[in-house]
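I have placed the structure first, in the form of structure tokens, so that the comments after it can refer back to it.
We use all heavy atoms of the structure for the numbers below, so side chains are in, but hydrogens, waters and symmetry mates are not. By convention in this document, chain letters (A, B, ...) are assigned in the order of the sequence lines, proteins followed by strands, and residues within each chain are numbered from 1.
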There are 2 protein chains.
Amino acid sequence: MLKEERKQIILNEVMVHNRVLLTDIAELVKVSIDTARRDIKELHDEKKLKKVHGGAISLGFYNHNVQDKNVYSIEKKLQIARKATGLLKSGQVVLLSGGTTNMELARVLPPGLAITCFTPSLAVASQLLAKQNVEVILIGGKLSKDSQIAVGGTAINMLSEIKVDVCFLGTNSIDSGQGLTEFDWEIVQMKKAMIRAAKKIVAPVISEKLNTVQRYKICNIEDVDVLITELAPEDKALESFRDKNIVIL
Amino acid sequence: MLKEERKQIILNEVMVHNRVLLTDIAELVKVSIDTARRDIKELHDEKKLKKVHGGAISLGFYNHNVQDKNVYSIEKKLQIARKATGLLKSGQVVLLSGGTTNMELARVLPPGLAITCFTPSLAVASQLLAKQNVEVILIGGKLSKDSQIAVGGTAINMLSEIKVDVCFLGTNSIDSGQGLTEFDWEIVQMKKAMIRAAKKIVAPVISEKLNTVQRYKICNIEDVDVLITELAPEDKALESFRDKNIVIL
DNA sequence: ACCAGTATTGCAATTTTTTGCAGTAATAAT
DNA sequence: ATTATTACTGCAAAAAATTGCAATACTGGT
């Protein structure tokens, strides 16, 4: 097998699944892990994909900065995203915050699902545009450089004029005592506005973020209706959330 | 066997299988590996296939992921973008429509330039985010699936509340008689609103779009202050625009 | 037909590239 | 902090590319 062929196969794999593990490549194209790593390095240098710990992920056009450091957390986010799509029904109006978990959610929305999605995130909007049956409405405003979502008065204003069925609120930190917290003040204001704009709040959270606290508070844990992690609902890491009147998935 | 015959057979093999190994060629056309290598080198130089370590692969196969099918127009857009950046000064507030030319403009903005940019385009916004000194403000609204820019009432409303120094208005068709035209009604409305929101209109246009007309009208040619093409200002293709009180760059 | 000049081809010596491995450093999860 | 996984580095064997060279075939003009 020619090296260029291998690289093509790898690239294809990344396109389809958004990620690929080194061990999978080695298996797929029958080379050693080292060679697979070198191939990925070349593709990375050619800017065809992004090399990360454990493999590679696709180089979304809009996610230059918003990206993961390893492939395993993507796997977890995928599990979370799959659980989250189960909550959606055609005809609903949905609000998606930013973050990689919501990007993954946007990516795995079933093609048939016809919903309206509001989002202040470039990356999420970009993923949603690929879905034929999803109407995408961008929340405008000043773009925060690092999180790549619209923030500030304009955005909050726009949010104040809508009421959606459900909001998928990505969050950096969640704690059964302190609730949801965030380190960026502007984003906190956005998320508060998003909560006000939604009838129901779903928090998709990767388990690493459980029981961590940041500087500024978004809301109490009781304000969240559904908590989704990649863990089984009966996992003991979720114990402290069990008596909070939250649905845990 | 004649060399041209061999080359034809090799080319055919590449067409059919997307790839060929040197050893296979040597076998197939009964020549030494060295000659096979030379044949491939010639075909490579003739741009009939891509020579790689160990053999060759078809250009189509290789280019599948290289999206720049239109290398020349990218070069032209770059030239236009460079001219356009010359119009900008730090401190200005700018409005960028969508389109690949404006994306290119966003991409080549000098790092030192400190401006504020409004845009309804995901792609342009994403490019602008990479610039440290540029404040990016996203125009929100319903996203048009094909052009990937925000359109509709919300977006137009937001535009009605701003007045920018200059608007770079990408356009699909420009004609010295019919003015600027577009085939998508919603985008026409957006561009009209963008014109109202700007003190000065700059139209970056690739020369292929000169003297073409589409279904719906955006504005008269006189509403444009500066026309930028990749051509020299004295080029005869620009003749009909010369008496319209427009600056041509 | 002859000859000088040119192109093609195969071969051998040399250099470069690729690949897997082993030891070590770095990273992520518990 | 510890452990398991993954990444990086240098190395050596194998494969392929390059180069120079000689033998052969072909070309155009005489």
Side-chain angles (χ1 to χ4, degrees), chain A residues 1-11 13-14 19-46 49-57 67-80 100-101 172-175 205-212 229-232 234-240, chain B residues 1-11 13-14 19-46 49-57 62:
Chain A
M1 168 120 48
L2 295 169
K3 186 172 74 166
E4 294 298 326
E5 280 185 277
R6 284 200 318 261
K7 284 166 70 175
Q8 202 64 43
I9 290 169
I10 293 167
L11 212 45
E13 193 69 10
V14 170
R19 74 186 163 285
V20 66
L21 278 66
L22 278 174
T23 51
D24 289 347
I25 297 174
E27 172 79 16
L28 193 66
V29 297
K30 309 282 184 221
V31 289
S32 70
I33 301 268
D34 302 75
T35 302
R37 187 174 286 118
R38 280 186 267 243
D39 286 348
I40 278 187
K41 181 173 188 318
E42 283 184 27
L43 288 165
H44 175 95
D45 293 343
E46 294 165 18
L49 47 71
K50 184 167 168 78
K51 179 171 158 314
V52 292
H53 194 97
I57 58 182
Q67 246 171 14
D68 293 272
K69 287 189 288 296
N70 70 65
V71 286
Y72 306 109
S73 66
I74 293 185
E75 184 57 41
K76 293 177 188 171
K77 281 165 188 170
L78 178 61
Q79 291 179 265
I80 295 171
T100 45
T101 308
N172 267 308
S173 297
I174 186 165
D175 181 86
V205 182
I206 204 162
S207 64
E208 293 144 24
K209 293 173 178 174
L210 293 173
N211 301 311
T212 61
T229 72
E230 84 278 12
L231 306 171
E234 57 275 12
D235 195 291
K236 96 177 201 301
L238 292 162
E239 214 159 80
S240 58
Chain B
M1 168 132 32
L2 295 170
K3 187 169 73 163
E4 289 304 321
E5 281 185 86
R6 285 200 318 262
K7 282 167 73 173
Q8 198 55 52
I9 290 170
I10 293 167
L11 212 44
E13 191 68 11
V14 170
R19 65 148 212 185
V20 68
L21 303 175
L22 277 174
T23 51
D24 290 345
I25 298 175
E27 173 80 14
L28 194 67
V29 296
K30 309 283 184 218
V31 288
S32 71
I33 300 269
D34 303 74
T35 303
R37 215 190 302 281
R38 285 173 185 131
D39 288 347
I40 277 188
K41 183 174 188 321
E42 285 184 24
L43 287 164
H44 174 95
D45 292 343
E46 295 164 19
L49 48 70
K50 166 98 179 166
K51 179 173 163 303
V52 297
H53 195 98
I57 58 180
Y62 188 75

Five-pair end axes of the helix from dA1(C)-dT30(D) to dT30(C)-dA1(D), angle between them (10°):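 Its terminal axes enclose an angle near 50°.
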Every protein N/O lying under 3.5 Å from an N/O of nucleotides 3-6 of chain D:
from	atom 1	to	atom 2	distance (Å)
dT6(D)	OP1	Tyr72(A)	OH	2.5
dT6(D)	O3'	Gly54(A)	N	3.2

Residues which pass side-chain hydrogen bond (donor to acceptor under 3.5 Å, both in side chains) with Thr212(A), listed by chain and number, not counting sequence neighbours: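 Applying side-chain hydrogen bond (donor to acceptor under 3.5 Å, both in side chains) to Thr212(A) gives Ser173(A).
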Dump the pairs, protein N or O against N or O of nucleotides 10-13 of chain D, anything under 3.5 Å, distances to one decimal.
none

Set of residues satisfying side-chain contact (heavy atoms from CB on, under 4.5 Å) with respect to [X], sequence neighbours excluded:
X	result
Gln8(B)	none
Asn211(A)	Asp175(A), Ser176(A), Ser240(A), Phe241(A)
Arg38(B)	Asp34(B), Thr35(B)
Ile9(A)	Met1(A), Leu28(A), Val29(A)

Taking salt bridge (Lys or Arg N to Asp or Glu O under 4.0 Å) as the definition, give me every residue that meets it alongside [X], ordered by chain and number, with sequence neighbours left out.
X	answer
Lys7(B)	Glu4(B), Glu42(B), Glu46(B)
Asp39(A)	Arg6(A)
Lys30(A)	none

Residues Asp24(B), Glu13(B); criterion side-chain contact (heavy atoms from CB on, under 4.5 Å); working and verdict: CA-CA 10 Å; Asp24(B) 290 345; Glu13(B) 191 68 11; 6.0 Å; no
Sugar-phosphate, base or nothing in reach of Lys41(A), heavy atoms under 4.0 Å: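 The residue Lys41(A) makes no contact with any strand.
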Separation of [X] atom [atom1] from [N] atom [atom2], in whole Å?
X	N	atom1	atom2	answer
Glu5(B)	dT8(C)	CD	P	15 Å
Glu42(A)	dT18(C)	CD	C1'	10 Å
Ile40(B)	dT18(D)	CD1	P	11 Å
Lys51(A)	dA26(C)	NZ	P	14 Å
Ile25(B)	dA16(D)	CD1	P	12 Å
Ile33(B)	dA12(C)	CD1	C1'	15 Å

5'-most by nearest nucleotide on DNA chain C - Asp39(A) or Glu208(A):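 Its nearest nucleotide being more 5', the pick is Asp39(A).
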Phosphate OP1/OP2 of dT17(C) contacted by Lys3(A) side-chain N/O (<4.0 Å):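 It does not, given that no N or O in the side chain of Lys3(A) lies less than 4.0 Å from OP1 or OP2 of dT17(C).
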Phosphate OP1/OP2 of dT19(C) contacted by Ser32(A) side-chain N/O (<4.0 Å):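 For dT19(C), neither OP1 nor OP2 has a side-chain N or O of Ser32(A) closer than 4.0 Å.
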Worked check of side-chain contact (heavy atoms from CB on, under 4.5 Å) between Arg19(A) and Val14(A): CA-CA 5 Å; Arg19(A) 74 186 163 285; Val14(A) 170; over 6 Å; no
Verdict with supporting geometry, Val20(A) and Leu49(A), side-chain contact (heavy atoms from CB on, under 4.5 Å): CA-CA 10 Å; Val20(A) 66; Leu49(A) 47 71; 5.6 Å; no
Closest to the Val31(A) side chain, choosing from dT9(C), dG20(C), dT18(D):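 So the side chain of Val31(A) is nearest to dG20(C).
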